[in-house]
2 protein chains.
Amino acid sequence: MQAREDGAGQAARSKRADARRNEETLLDAAAAVFVASGVEAPVRDIAAEAGVGVGTIYRHFPTRADLIVAVYRHQVEACAEAGPALLASSATPYAALGQWVDQFVDFLVTKHGLAAVLQPENTGFDTLHAYFLDRLVPVCTQLLDAAAASGEIRPGLDAYELMRGVGNLCIGADSDPRYNARHLVELLIAGLRRPD
Amino acid sequence: MQAREDGAGQAARSKRADARRNEETLLDAAAAVFVASGVEAPVRDIAAEAGVGVGTIYRHFPTRADLIVAVYRHQVEACAEAGPALLASSATPYAALGQWVDQFVDFLVTKHGLAAVLQPENTGFDTLHAYFLDRLVPVCTQLLDAAAASGEIRPGLDAYELMRGVGNLCIGADSDPRYNARHLVELLIAGLRRPD
DNA sequence: TAGGCAACCGGAACCTCGCTCCGGAAAGCG
DNA sequence: CGCTTTCCGGAGCGAGGTTCCGGTTGCCTA
């Protein structure tokens with residue numbers, strides 16, 4: 001949305017070469033550190049991994065949320081685009097909803113600590129929260145509406161609420177073999193079903 | 001379990017009077033600060049509220065978890081004891097389970113930030129996590145077993161998993177009018193129902 | 001009642017971490 | 001080649017958790 005292409009095609013001259021290089025380096029370093037230590041790893045660690053000063057991080061990504069969004073943007077987009085695709089390819093809207101939620105859970109569970117940081121109360125992460133919501137709530141709404149229209153689920157559940165519920169259930173899903181977030185999410189989706 | 005009565009009746013002489021007084025004061029102060037600022041309020045705030053030094057807090061409650069447990073012990077006990085009672089007084093085990101979970105949700109939702117801190121990954125809060133689990137998982141197991149035996153729910157859900165799921169759903173339930181944890185927990189419990 | 005010894009108290013000090021700020025370096029341009 | 005603009009690095013500040021030790025005070029004994 002703002003990074004290395006400035007609206008037009010190739011390279012806007014608004015950024016110096018070293019700056020662009022550093023941004024790239026930072027993204028890679030952050031991704032590596034996130035995998036190793038979770039998304040709440042100390043800023044200094046990321047700076048060290050990238051071989052730059054902390055100032056450089058804050059210049060390119062004013063808040064940690066910006067950095068996280070930049071690192072995971074591709075995957076979130078993929079998830080958003082999967083919604084309509086599943087709706088088109090699945091037997092029923094309810095099945096599509098189930099698969100889509102599954103995919104979202106997969107994403108969250110494999111990103112150490114991401115789900116925990118998605119909470120709105122987590123001050124300083126509003127950008128992150130907003131991005132996820134903006135991008136995914138409409139998709140979820142579409143799926144929910146379709147499933148409601150087909151009569152498979154009882155209506156009245158807000159997409160926002162569902163997304164937050166699923167996100168919450170994914171917190172701490174790694175690092176605890178006794179806890180299976182996927183299982184509980186399945187139960188939640190099952191509970192949506194029209195009792196008929 | 002260790003505090004002011006040492007197994008027997010009144011006052012074990014193992015503690016000096018001022019120490020006992022301070023412990024009491026701290027409990028009150030902590031409760032007040034927890035209500036005002038959540039369970040993650042700065043230690044110094046609690047010390048100030050109690051009018052003691054921070055050292056005194058750490059002496060009586062080595063970890064924050066110990067303090068939280070001490071503050072909420074009564075209510076957790078009440079919740080644990082409500083399990084069998086509900087089982088005896090409700091129409092069906094499933095109804096008892098629903099009511100019990102409701103009560104637990106009420107408890108969590110009204111304690112600002114408690115649910116968030118119940119995560120096992122939250123290092124330094126292991127004591128808290130362990131206490132809740134030790135006390136409540138057996139109760140939950142009993143309810144779950146009864147409901148499974150009566151054929152109302154499909155078996156196979158671990159009480160630990162359910163407890164964590166409910167706990168997770170309660171995270172951030174205050175401070176966000178768009179999110180209704182109770183609603184989602186209901187859905188989860190509904191999903192437990194035998195599809196028949 | 002006075003003396004002495006633990007137990008206990010308070011808060012200064014230290015550490016980690018997020019974030020800011022500015023002197024210096026380097027890129028791009030004429 | 002030198003000037004201007006942009007960018008870089010990391011020292012430094014504030015906030016919060018935790019430790020540690022000199023001074024204080026309850027409590028027991030003589």
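Numbers restart at 1 for each chain; the letters A, B, ... are given by sequence-line order, proteins then strands.
At whole-Å resolution of the value, CG in B/Asp18 and P in C/dC9 are 5 Å apart. The CD1 atom of B/Ile46 sits 15 Å away from the P atom of C/dG10 (whole-angstrom rounding). The distance from atom CD1 of A/Ile57 to atom P of C/dG18 is 10 Å, rounded to the nearest whole Å. Distance CZ (A/Arg21) to P (C/dA27): 7 Å, rounded to an integer number of Å. Between the NZ atom of B/Lys15 and the C1' atom of C/dA6 there is a distance of 16 Å, rounded to whole Å. The CZ-P distance, from A/Arg16 to D/dT4, rounds to 16 Å in whole Å.
Across every non-hydrogen atom of A/Val105 and A/Cys170, the tightest pair is CG1-SG, 3.8 Å.
Side chain to side chain, A/Asp28 and A/Thr25 fail the donor-acceptor criterion of an N or O pair below 3.5 Å.
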Scan nucleotides 1-3 of chain C against the protein and return all N/O pairs shorter than 3.5 Å with their distances rounded to 0.1 Å.
none

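At the phosphate of D/dC7, neither OP1 nor OP2 sits under 4.0 Å from any side-chain N or O atom of A/Asn22. OP1 or OP2 of D/dC8 has at least one side-chain nitrogen or oxygen of A/His60 nearer than 4.0 Å.
Distance CG/A/Asn122 to CZ/A/Arg64: 10.5 Å, rounded to 0.5 Å. How far CG of B/Asn168 is from CD of B/Glu161: 11.0 Å, rounded to the nearest 0.5 Å. Separation of atoms CG (A/Leu162) and CG (A/Leu136) is listed at 11.5 Å; rounding is to 0.5 Å.
For the pair B/Arg194 and B/Tyr94, the NZ or CZ position fails the cation-pi test of under 6.0 Å to the six-membered ring centre and within 45 degrees of the ring normal.
The aromatic rings of A/Tyr160 and A/His129 lie perpendicular to each other, with more than 60° between the two planes, well past the 30° mark.
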| query | When you check every protein heavy atom under 4.0 Å of nucleotides 16-23 of chain D, what one-letter string (B, S, -) results, 5' to 3'? | reply | BBBBB---
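Not one N or O on the side chain of B/Ser90 forms a donor-acceptor pair closer than 3.5 Å with the backbone of B/Leu87.
Here the options are B/Leu118, B/Ile68, B/Thr63, the test is side-chain contact (heavy atoms from CB on, under 4.5 Å), and the partner is B/Phe125; only B/Ile68 passes.
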